[in-house]
Visitor: 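What follows is a structure written as structure tokens; I'll ask about it next.
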Amino acid sequence: MSSQNNSKKIIAKNIQHYMDLRGKTRNDICEVLGIKYTTFTDWVKGRSYPRIDSIEKIANYFGIDKSDLIEEHIVDDNLGNKNSSLFYNVQAIPFLDDTYDEDNPNFKEYFFIDKSIKADFCMRIQDNIMSPCGIYNGDIVFIKENCDLESGGIYAIKMKSNNKVILRKIYFNNNGATISDGNFIRGSLRIKVNKDDFSIVGVYGGIYHHMDF
């Protein structure tokens, strides 16, 4: 295989990897970046190689370095299957569940994702309560532990009454807070709680949408 053909295959594989990782389609990317669909398809299929300005556009779109697209990433077979997820500089972000204890964290499950995602925890959403905020059943949300508290923000909180960790929109007041689903129509979820009724685990920092195929 020539060096040129090898470079085409490397960048094609890397582009497809980040598309799969972020749940993006060719149409999604072409529409945002103003790239012809047929041109982008040729890149993904390894038929042609994008110009450097196009590589930079794609890298900026995914929030990665250009080198993440143009360099080959190899799995070290000596690591064994357990660590094969280290491919493409993947990190392991722990899942929050109802057993979470900030003084003695004991995580049972991890979500493997690209290191460009900045988060301390993630949560698997199991209902549609936060759908007014675009967060749905099956989605995985990313949580940052250290944060400045702002009224109206979305936070992962642990309720003292049942030790459940939930994601809600929080409006702070002097005595506590109002927990909401972010919906302002009649019949929406709004619960007033005292400041001793819950603890802040972290702030919502992003989402990985569940997709049905």
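All residue numbers in this chain count up from 1 along the given sequence.
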Visitor: Could you tell me if the side chain of K160 sits less than 4.5 Å from the side chain of D196, heavy atoms only?
Guide: no

Visitor: If you take all heavy atoms of I11 and P50, which pair is closest and at what distance?
Guide: CD1-CG, 3.7 Å

Visitor: I need the single residue from Y204, Y100, F95, F142 that forms a ring pair (Phe, Tyr, Trp, His ring centres under 6.0 Å) with F121. Which is it?
Guide: Y100

Visitor: Quick check for you: to the nearest 0.5 Å, what is the distance between H209 atom NE2 and I140 atom CD1?
Guide: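 These two atoms lie 12.0 Å from each other.
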
Visitor: Assess whether atom NZ of K144 is packed by more than 12 heavy atoms of other residues, nucleotides or ligands within 6.0 Å.
Guide: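 No, because the 6.0 Å sphere around NZ of K144 holds 12 heavy atoms or fewer from other groups.
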
Visitor: Taking salt bridge (charged side-chain N to carboxylate O under 4.0 Å, His left out) as the test, write out the residues that go with D42, two or more places apart.
Guide: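 Residues passing salt bridge (charged side-chain N to carboxylate O under 4.0 Å, His left out) with D42: R47.
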
Visitor: Applying the side-chain contact (heavy atoms from CB on, under 4.5 Å) test to I179, which of M159, K192, K169 qualifies?
Guide: M159

Visitor: Is any side-chain heavy atom of N137 less than 4.5 Å from a side-chain heavy atom of D127?
Guide: no

Visitor: Examine F172 together with Y155 and report whether their ring centres are nearer than 6.0 Å.
Guide: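 Yes, close enough.
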
Visitor: Counting C-beta onward and ignoring hydrogens, is there a side-chain heavy-atom pair between I154 and M130 closer than 4.5 Å?
Guide: yes

Visitor: I need the minimum non-hydrogen distance between S151 and Y171, along with the two atoms involved.
Guide: OG-CA, 3.4 Å

Visitor: Report yes if the side chains of Y18 and D68 come closer than 4.5 Å at any heavy-atom pair, otherwise no.
Guide: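 They are in contact (side-chain heavy atoms under 4.5 Å apart), so the answer is yes.
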
Visitor: Are any non-hydrogen side-chain atoms of I58 and W43 less than 4.5 angstrom apart?
Guide: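 Side chain of I58 against side chain of W43, heavy atoms only: contact under 4.5 Å found.
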
Visitor: Just to verify, which of I166, L167, L96, D120 counts as forming a side-chain contact (heavy atoms from CB on, under 4.5 Å) with V201?
Guide: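 When side-chain contact (heavy atoms from CB on, under 4.5 Å) is applied between V201 and each of I166, L167, L96, D120, only L96 qualifies.
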
Visitor: Looking at side-chain heavy atoms only, is the closest gap between I52 and K66 below 4.5 Å?
Guide: yes

Visitor: Give me the atom names and distance for the closest heavy-atom approach of I70 to N14.
Guide: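 In this case the closest contact between I70 and N14 is N-ND2, 4.1 Å.
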
Visitor: Between A156 and M123, what is the shortest heavy-atom contact and its length?
Guide: CB-SD, 3.7 Å

Visitor: Which heavy atom in G46 sits nearest to a heavy atom in A12, and how many Å separate them?
Guide: N-CB, 3.6 Å

Visitor: Side-chain contact test, heavy atoms from C-beta onward, threshold under 4.5 Å: evaluate it for Y37 versus N27 and give yes or no.
Guide: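 A side-chain contact exists here, since the closest heavy-atom pair is under 4.5 Å.
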
Visitor: Please check if L33 and I55 belong to a single hydrophobic cluster, counting links between Ile, Leu, Val, Met, Phe, Trp and Tyr side chain heavy atoms closer than 4.5 Å.
Guide: yes

Visitor: K158 versus N163: any side-chain heavy-atom pair under 4.5 Å?
Guide: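 A side-chain contact exists here, since the closest heavy-atom pair is under 4.5 Å.
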
Visitor: For E109, enumerate each residue passing the side-chain hydrogen bond (donor to acceptor under 3.5 Å, both in side chains) test, keeping only those at least two apart in sequence or located in another chain.
Guide: R124

Visitor: Tell me, which pairs form a side chain to side chain donor-acceptor pair (under 3.5 Å) where one or both residues lie in residues 50-62, sequence neighbours left out?
Guide: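 Output for this query lists R51-D53.
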
Visitor: Transitively linked via ILVMFWY side-chain contacts under 4.5 Å: I207 with I143?
Guide: yes

